[in-house]
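This one's a predicted model, so the numbers in the text were calculated from it and none came from an experiment. The analysis underlying the following values was restricted to heavy atoms, covering all of them including side chains, and did not include hydrogens, waters or symmetry mates.
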Amino acid sequence: MRYKLALFDVDSTLTSTEGIDLLARHSPHAAKVTRITELAMAGEIDFDSALLERVSLLKDLDERIIEFAIEETKISPQAFEVVTEMKSQGMKVGVVSGGFREIIDSVFDGWPFDLVVAHTLVKHDGILTGEVEGPIINRSRKADVLREFARAEAIALENTIAIGDGSNDIEMIQAAGIGIAYRAKKALRDVADIQIENLEEILKYL
């Protein structure tokens, strides 16, 4: 087997929803956040500033909105089957997301991931502060996570797969041995090795 490690994006890849948009549904800024998400994923605006602006619009909301977002998250068709098949073939599988650990850890509880990298929302007394902890997981950080994951597992980059849907995945897709665009925005389709509309198509390339 040529490929020994796979790294997935989460929002609009393993899920058909965007975590930040689900959170914003419970704020007065839902439409604005959704529009910023669309522009950021299309590569039309800077991801870092877009993330910070969207999270700032969640300021002063009760952290219980996270539970609503978890309930509203939709897993993409065949996502679990693809991940478990990869694991059954001995692959290392991880996720890297510009979204949030609070949602990912709950939605994907029990999935056999070897690595999970995402933002953490800052809270104070049960209220969102409108900030995230740690460095922003932008396109360069995602590529670095792929390299670090492969290095930690002693796997050459040429033996890795990266799967994503938006402009924030461009550098990760380019760094991997094979970069797969799933139902992707044009910015990512233009640089990916393969374009797919169904996640199970990935299995043909293992």
Side-chain angles (χ1 to χ4, degrees), residues 7-42 44-84 93-113 115-139 141-142 145 163-169 182-185 188 198-199:
L7 188 60
F8 286 86
D9 171 52
V10 177
D11 293 307
S12 295
T13 301
L14 287 179
T15 71
S16 60
T17 46
E18 291 279 342
I20 186 72
D21 294 353
L22 296 179
L23 291 168
R25 282 184 186 178
H26 306 280
S27 80
H29 309 292
K32 183 176 183 179
V33 169
T34 296
R35 181 58 180 155
I36 296 170
T37 299
E38 291 171 352
L39 293 171
M41 291 304 98
E44 296 179 24
I45 59 175
D46 175 67
F47 180 84
D48 292 34
S49 58
L51 175 74
L52 294 174
E53 181 177 3
R54 287 176 293 166
V55 174
S56 73
L57 293 172
L58 304 178
K59 187 173 188 268
D60 296 329
L61 295 176
D62 193 296
E63 68 177 350
R64 286 178 294 181
I65 68 167
I66 295 169
E67 293 303 318
F68 294 124
I70 290 166
E71 292 171 6
E72 293 163 358
T73 299
K74 293 181 172 59
I75 302 293
S76 295
Q78 303 301 312
F80 182 73
E81 290 81 357
V82 169
V83 169
T84 52
V93 182
V95 298
V96 60
S97 175
F100 309 103
R101 284 294 301 247
E102 292 90 343
I103 296 174
I104 292 168
D105 288 348
S106 181
V107 169
F108 296 98
D109 182 42
W111 289 48
F113 292 131
L115 178 76
V116 177
V117 177
H119 299 112
T120 298
L121 292 162
V122 179
K123 312 165 201 74
H124 181 70
D125 292 337
I127 301 297
L128 300 183
T129 68
E131 302 164 299
V132 292
E133 293 179 8
I136 293 175
I137 301 167
N138 53 24
R139 63 172 67 180
R141 180 64 190 135
K142 282 192 169 189
V145 169
I163 306 98
D165 74 291
S167 67
N168 204 39
D169 302 310
Y182 169 66
R183 299 186 180 182
K185 287 69 175 177
L188 188 66
N198 300 289
L199 286 176

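Scored by the side-chain hydrogen bond (donor to acceptor under 3.5 Å, both in side chains) test, Lys123 finds Glu102 as partners (sequence neighbours excluded). Considering only residues two or more places apart in sequence or on other chains, Phe80 meets the ring-ring contact (aromatic ring centres under 6.0 Å, His included) condition with Trp111.
A heavy-atom distance below 4.5 Å is found between the side chains of Val93 and Phe8. Counting heavy atoms from C-beta on, the side chains of Tyr182 and Leu188 never come closer than 4.5 Å. Side-chain contact between Val116 and Phe108 is absent, with no heavy-atom pair separated by less than 4.5 Å. Residues Leu57 and Lys32 meet the side-chain proximity criterion, which asks for heavy atoms closer than 4.5 Å. Residues Pro112 and Val83 are in side-chain contact: their nearest non-hydrogen atoms beyond the backbone lie under 4.5 Å apart.
Remark: the backbone N or O of Phe100 is not paired with any side-chain donor or acceptor of His119 at under 3.5 angstrom. With hydrogens and angles disregarded, no donor-acceptor distance shorter than 3.5 Å links the side chain of Asp109 to the backbone of Ser106. Put simply, the side chain of Asp62 never gets that close to the backbone of Ile127: no donor and acceptor are under 3.5 Å apart.
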Set out, in order, the CA-CA distance, both residues' side-chain angles and the distance that settles side chain to side chain contact (heavy atoms under 4.5 Å, CB included) for Val145 and Leu115, then state yes or no. CA-CA 10 Å; Val145 169; Leu115 178 76; 3.8 Å; yes

Chi angles and distances behind the side chain to side chain contact (heavy atoms under 4.5 Å, CB included) call for Ile104, Phe113: CA-CA 11 Å; Ile104 292 168; Phe113 292 131; 5.8 Å; no

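Nearest heavy atom pair, residue Val122 against residue Val132, reads CG2-C, 3.7 Å. When all heavy atoms are compared, the tightest approach of Ser76 to Leu199 is CB-CD1, 3.8 Å. The minimum heavy-atom distance linking Arg183 with Asp165 is given by the pair O-CB, 4.5 Å. Of all heavy-atom pairs between Ala69 and Ile103, the closest is CB-CD1, 3.9 Å. When every heavy atom of Gly99 is checked against every heavy atom of Ala118, the shortest pair comes out as O-CB, 3.7 Å. The two residues Gly164 and Ala184 make their nearest non-hydrogen contact at O-CB, 4.4 Å.
Of the listed residues (Thr37, Thr34, Leu23), just one forms a side-chain contact (heavy atoms from CB on, under 4.5 Å) with Arg54, and that residue is Thr37. With Phe47 as the fixed residue, the side-chain contact (heavy atoms from CB on, under 4.5 Å) test singles out one of Asn138, Leu39, Leu52: Asn138.
Note that the CD1 atom of Ile45 and the CG atom of Asp48 stand 11.0 Å from one another [nearest 0.5 Å]. From Glu63, atom CD reaches atom OG1 of Thr129 across 11.0 Å, with rounding to the nearest 0.5 Å. The CD1 atom of Ile20 sits 9.0 Å away from atom CD1 of Ile36, with the distance rounded to the nearest 0.5 Å. Distance CG/Asp60 to NE2/His124: 11.0 Å, rounded to 0.5 Å. To the nearest 0.5 Å, the span separating CZ on Arg64 from CG on Leu128 amounts to 11.5 Å. One finds the CD1 atom of Ile136 at 8.5 Å from the OG atom of Ser49 (value rounded to the nearest 0.5 Å).
Judged as a salt bridge (Lys or Arg N to Asp or Glu O under 4.0 Å), the pairs with a partner in residues 9-30 (not counting sequence neighbours) are, in order, Asp9-Lys142, Arg25-Glu72.
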